[in-house]
Novice: 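Here you go, one structure.
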Amino acid sequence: MLNLKVNKARIQHNILELGEIGLSQKGGVNRSLASQADIDSRKWIKEYWLKNVVSEITTDVGANLWGSYPYVSEKELAPIIIGSHNDSVPEGGKYDGALGVLLATEVSQTLSENEITLRHPLKVISLTGEEPNPYQISTLGSKIISGVVGQDNLKKFSHIETKESLADAIDRLGGDFQHIDENVLKPDSFAAFLECHIEQGRRLFEREEPVAVVSSITGIYRELVELKGESNHAGTTDLKHRKDALLAMSWINLELRKFLSEFDETDPVVGTIGFAEVLPNAANIIPGSVKFNIDIRSGNWQKVEQTITFLDECFEQLWEKGIQNQREKILYQKPADLNKQISAALVASTEEEYKYQPQQMTSMAGHDAANLARIGRAGMLFVKSVDGKSHCKEEFSQIDDIEVAGNVLLNTILRLDKELD
Ligand code: HGY
Ligand code: MN
Ligand code: MN
């Protein structure tokens with residue numbers, strides 16, 4: 001392959017500069033869907049792309065940003081798309097999503113400054129709302145363009161605090177909610193979708209390897225629950241007359257952990273209660289209600305189904321003890337296999353660039369690639385996360401590992417540009 005190399009100093013500079021947008025006093029990044037920081041980061045990306053990388057920028061109906069690489073010889077071919085998401089979790093890190101956008105940018109910039117003409121159109125993309133957010137739907141931009149959700153489904157969503165409709169938020173970001181349904185990507189309308197992303201786990205860190213190829217993406221089940229007990233006096237109510245909703249949620253959490261730890265180690269299953277709202281949330285009142293989420297994941301969907309059945313039984317037992325529940329399923333996303341040809345190209349490029357066979361692994365994090373994989377060839381390259389930390393300000397990847405990923409991504413694009421029609 002052409003002996004082109006990415007510019008690690010420039011990548012490092014861009015990570016730090018983009019990472020300043022939405023940075024809090026506590027040192028975490030806050031770029032939630034449709035927040036001012038989300039808007040500011042989009043502005044930064046568009047300005048950088050126009051100045052250094054692309055000939056044209058478009059915003060699609062889901063407010064995803066698309067940049068077109070200028071040097072292409074066979075315009076009629078389906079494009080190669082590279083990128084990730086620009087939003088973040090609350091108090092998140094500078095790498096989750098952003099690194100994929102910035103490596104796609106860097107690879108395109110390296111090609112562009114060498115005026116490399118590709119056969120396929122090359123598109124860099126920054127996807128909307130990958131993370132869970134107050135509008136309560138994640139991987140939003142990739143769901144919209146891959147047709148996983150349409151107007152009918154999305155018009156039900158609004159911000160849990162401001163009550164702004166998701167439709168208005170999408171339009172405010174430059175999308176076009178009214179025309180979502182007519183702008184779904186057709187199956188195989190792209191030659192390849194490549195997402196570079198931090199692993200967010202410990203496997204590469206423990207093996208001291210810079211990159212890995214993602215073979216599949218975990219299935220995710222998510223539900224919102226409200227447990228209803230009885231608010232009552234914290235002092236005068238004796239134990240046998242209490243219907244303590246927070247105690248009930250705590251019991252569910254402990255029972256869930258016990259149940260999950262009984263599964264065998266292959267195809268791990270994990271479960272999390274990530275947030276809880278205790279009502280009335282007062283020091284001397286027994287909580288009468290608790291609202292919380294449950295997030296269950298595994299590459300083996302059968303294990304997720306078994307866990308859902310187990311949860312049904314737990315809620316049944318609570319009901320018999322006078323704790324009622326209201327449950328709303330908000331995500332039922334089965335595992336997604338990524339494309340073997342794209343994975344093979346990523347492996348071959350890693351071997352060519354760095355003379356070693358990268359691991360192939362299941363991602364226990366959800367990604368936009370899972371949605372794109374439903375309509376075309378999608379592949380992912382993982383970059384080592386130091387200490388496996390992510391979704392926190394300690395999230396960090398070393399620039400040498402990032403440079404490896406950038407060069408592998410560059411090599412893979414050149415390889416696929418030759419291989420694919
Ligand atoms: O939750 C996830 O797995 C991803 O980081 N959005
Ligand atoms: Mn994330
Ligand atoms: Mn991510």
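Quick caveat: nothing in here was measured; it's all calculated off a predicted structure. Counting starts at 1 for both ligands and their atoms, following the listed order.
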Novice: Look at ligand 1 and say whether H367 reaches it with a heavy atom at a distance under 4.0 Å.
Specialist: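 Heavy atoms of H367 never come under 4.0 Å of ligand 1.
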
Novice: Which residue owns the protein heavy atom closest to atom 3 (O) of ligand 1, what's the atom, and how far is it?
Specialist: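 Sorting protein heavy atoms by distance from atom 3 (O) of ligand 1 puts R297 NH1, 2.5 Å first.
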
Novice: Could you pull out the atom name of the N/O/S atom in E131 that is nearest the Mn ion (ligand 2)?
Specialist: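 When I compare the N, O and S atoms of E131, OE2 is nearest to the Mn ion (ligand 2).
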
Novice: Would H367 count as a contact for the Mn ion (ligand 3), in the sense that one of its N, O or S atoms lies under 2.8 Å from it?
Specialist: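 It does not: H367 brings no N, O or S atom closer than 2.8 Å to the Mn ion (ligand 3).
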
Novice: Restricting to N, O or S atoms of D96, which is nearest to the Mn ion (ligand 3)?
Specialist: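 Result for D96 and the Mn ion (ligand 3): OD1.
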
Novice: Within the stated cut-off of 2.8 Å, is an N/O/S atom of E130 closer than that to the Mn ion (ligand 2)?
Specialist: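 Checking E130: none of its N, O or S atoms is under 2.8 Å.
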
Novice: Looking only at distances, please establish whether an N/O atom of ligand 1 is found under 3.5 Å from an N/O atom of I220.
Specialist: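 Checking ligand 1 against I220, no N or O pair falls under 3.5 Å apart.
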
Novice: As a test of understanding, state which of F259, Y221, F263 forms a ring-ring contact (aromatic ring centres under 6.0 Å, His included) with F310.
Specialist: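 Passing option: F259.
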
Novice: Output yes when R31 and D40 qualify as a salt bridge under the 4.0 Å nitrogen-oxygen rule, no when they do not.
Specialist: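 No, this pair does not count.
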
Novice: Between W44 and Y48, does the ring centroid distance fall short of 6.0 Å?
Specialist: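 Yes; Y48 has its ring centre under 6.0 Å from that of W44.
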
Novice: List the steps and the verdict of side chain to side chain donor-acceptor pair (under 3.5 Å) for Y354 and N407.
Specialist: CA-CA 9 Å; Y354 292 97; N407 287 326; 3.0 Å; yes

Novice: Looking only at side-chain N and O atoms, does S390 offer a donor or acceptor that is under 3.5 Å from a partner on E395?
Specialist: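 There is such a pair (donor and acceptor under 3.5 Å, judged by atom type) between the side chains of E395 and S390.
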
Novice: Under 4.0 Å from a heavy atom of A365: give me the atoms of ligand 1 that qualify, with their elements.
Specialist: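 Taking each heavy atom of A365 in turn, ligand 1 has 3 (O) under 4.0 Å.
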
Novice: For T218 and R297, does a side-chain donor sit closer than 3.5 Å to a side-chain acceptor?
Specialist: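 No, R297 and T218 have no side-chain donor paired with an acceptor closer than 3.5 Å.
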
Novice: Distance under 4.0 Å to a non-hydrogen atom of E130: what atoms of ligand 1 satisfy this?
Specialist: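 Answer for ligand 1: 4 (C), 6 (N).
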
Novice: Does K5 NZ have over 12 foreign heavy atoms under 6.0 Å away?
Specialist: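 Check passes, neighbour count above 12.
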
